[in-house]
Amino acid sequence: MKRGILLFYLLFSSILSSQSKDEWGSWIMLYGDNEISKNLDIVTEFRLHHYEIFDVLDNQFYKIGLGYRITPEISVGAGYVHHYSETRTSISTSENRPYEEICLKRKIKKLSISNRYRLEHRWINNYGVTDFINRMRYRLQVTHPLGANFYIKVFDEVFLNLEQTIFNQNRLHGGIGYTFSPDFKVELGYVKNHFNTHMDDILRIGILFKTHLRKKTNTL
């Protein structure tokens, strides 16, 4: 475990030292998984994205949805996202985005592998004009424990427009997480976000929690 943590620290430090702070952005994420029955959850998420680390707002993001576990390996979900962004030129854009998704999971020894497929329906308002476009997303995510509490998380997610220019963006992430309890985790990672015209380097901080809202039956 110590070797894994040291390796991640060295890699992350070398990436940070290779570029100045002004060239980095940051993402702060608060993610909640709120159990309301044995197989049904209410999913909530709030995110702040900054052009510079913790400074110059890029966008803010609110999500609420439902997730249903068909089996331990297969789950489906649907929800709604509101997304507000402000560019460096002070152009404001808002987006309303319903979505549907399916997630397939498997374990190979200690390695957890997740494949998520998501379809988004995007109403994007800019200068009072609303455009509509559908987008498909595919994410491959791998996690591996480092001892009792630490774990490594790596994922790659590609975004494809179903109209206009096909390629939208690609996100490659590598990071480490710490499990305080089964219901509370904190993650720190690095994201390389590729677009057609540029690439962004991002410091990602995630706080993940789980609540249990269903009534517990008393056993006599």
Nearest-0.5 Å distance that lies between atom [atom1] in [X] and atom [atom2] in [Y]:
{"X": "Asn115", "Y": "Arg106", "atom1": "CG", "atom2": "CZ", "result": "9.0 Å"}
{"X": "Lys105", "Y": "Ser114", "atom1": "NZ", "atom2": "OG", "result": "6.0 Å"}
{"X": "Gln169", "Y": "Thr197", "atom1": "CD", "atom2": "OG1", "result": "11.0 Å"}
{"X": "Leu203", "Y": "Leu188", "atom1": "CG", "atom2": "CG", "result": "5.5 Å"}
{"X": "Ile53", "Y": "Trp27", "atom1": "CD1", "atom2": "CH2", "result": "13.5 Å"}
{"X": "His49", "Y": "Ser85", "atom1": "NE2", "atom2": "OG", "result": "11.0 Å"}

Can you confirm whether the side chains of [X] and [Y] place a donor and an acceptor under 3.5 Å from each other?
{"X": "His83", "Y": "Arg97", "answer": "yes"}
{"X": "Gln60", "Y": "His82", "answer": "no"}
{"X": "Asp58", "Y": "His50", "answer": "no"}
{"X": "Asn34", "Y": "Thr211", "answer": "yes"}

Side chain proximity check, [X] to [Y], heavy atoms < 4.5 angstrom:
{"X": "Leu104", "Y": "Arg116", "result": "no"}
{"X": "Phe155", "Y": "Leu140", "result": "no"}
{"X": "Asp41", "Y": "Ile36", "result": "no"}
{"X": "Asp200", "Y": "Phe195", "result": "yes"}
{"X": "Leu172", "Y": "Val191", "result": "no"}
{"X": "Trp24", "Y": "Ile202", "result": "no"}

Pair Thr143-Ile152, side-chain contact (heavy atoms from CB on, under 4.5 Å): steps then yes or no: CA-CA 5 Å; Thr143 58; Ile152 289 176; over 6 Å; no

Transitive ILVMFWY cluster of [X], excluding itself - 4.5 Å side-chain cut-off:
{"X": "Leu48", "result": "Phe46, Leu57, Tyr62"}
{"X": "Val43", "result": "Met29, Tyr31, Leu208"}
{"X": "Val81", "result": "Phe61, Tyr99"}
{"X": "Tyr80", "result": "none"}

Compare every heavy atom of Ser92 with every heavy atom of Glu86, then report the nearest pair and how far apart it is. OE1-OG, 3.8 Å

Partners passing salt bridge (charged side-chain N to carboxylate O under 4.0 Å, His left out) against [X] (at least two apart in sequence or in another chain):
{"X": "Asp131", "answer": "none"}
{"X": "Arg139", "answer": "none"}
{"X": "Arg47", "answer": "Glu45"}

Of all residues at least two apart in sequence or in a different chain, which pass the side-chain contact (heavy atoms from CB on, under 4.5 Å) check with [X]?
{"X": "Glu163", "value": "Ile133, Asn134"}
{"X": "Tyr68", "value": "Asn39, Leu40, Ile70, Val76"}
{"X": "Lys38", "value": "Arg214"}

Apply side-chain contact (heavy atoms from CB on, under 4.5 Å) to residues Thr71 and Glu73 and explain how you reach the verdict. CA-CA 5 Å; Thr71 71; Glu73 294 79 26; 3.5 Å; yes

Run the numbers on Leu160 and Asn168 for side-chain contact (heavy atoms from CB on, under 4.5 Å), then give the verdict. CA-CA 5 Å; Leu160 301 175; Asn168 180 262; over 6 Å; no

May I ask whether [X] and [Y] are part of the same hydrophobic cluster, defined by side-chain heavy atoms of I, L, V, M, F, W, Y residues being less than 4.5 angstrom apart, directly or through others?
{"X": "Tyr51", "Y": "Tyr84", "value": "no"}
{"X": "Ile124", "Y": "Phe167", "value": "no"}
{"X": "Phe159", "Y": "Ile166", "value": "no"}
{"X": "Leu146", "Y": "Val154", "value": "yes"}
{"X": "Tyr190", "Y": "Met199", "value": "no"}

Heavy atoms of other groups near Lys210 NZ, more than 12 under 6.0 Å: yes

Pair Arg135 + Glu120: basic N to acidic O under 4.0 Å: yes

Ion pair check, Glu157 and Arg137, cut-off under 4.0 Å: yes

I'd like to know if the side chain of Ser26 and the backbone of Phe54 have a donor-acceptor N/O pair within less than 3.5 Å. yes

Could you go through Ser94 and Asn125, starting from their C-alpha distance and side-chain angles, then the distance that decides it, and tell me whether this counts as side-chain hydrogen bond (donor to acceptor under 3.5 Å, both in side chains)? CA-CA 5 Å; Ser94 64; Asn125 185 281; 4.5 Å; no

Quick one: which residue pairs count as a side-chain hydrogen bond (donor to acceptor under 3.5 Å, both in side chains) with a foot in residues 172-187, not counting sequence neighbours? Tyr151-Glu187, Lys153-Glu187, His173-Arg204, Asp183-His212, Glu187-Arg204

Decide if the gap between the ring center of Phe184 and the ring center of Phe209 is smaller than 6.0 angstrom. no

Contacts of Asp55 that satisfy side chain to side chain donor-acceptor pair (under 3.5 Å) - sequence neighbours left out: none

With side-chain contact (heavy atoms from CB on, under 4.5 Å) as the criterion, how do Leu119 and Leu162 come out once you've worked through the C-alpha distance, each side chain's angles and the decisive distance to 0.1 Å? CA-CA 10 Å; Leu119 180 62; Leu162 301 187; 3.8 Å; yes

Phe132 vs His121 aromatic rings, parallel, tilted or perpendicular, using cut-offs 30° and 60°? parallel

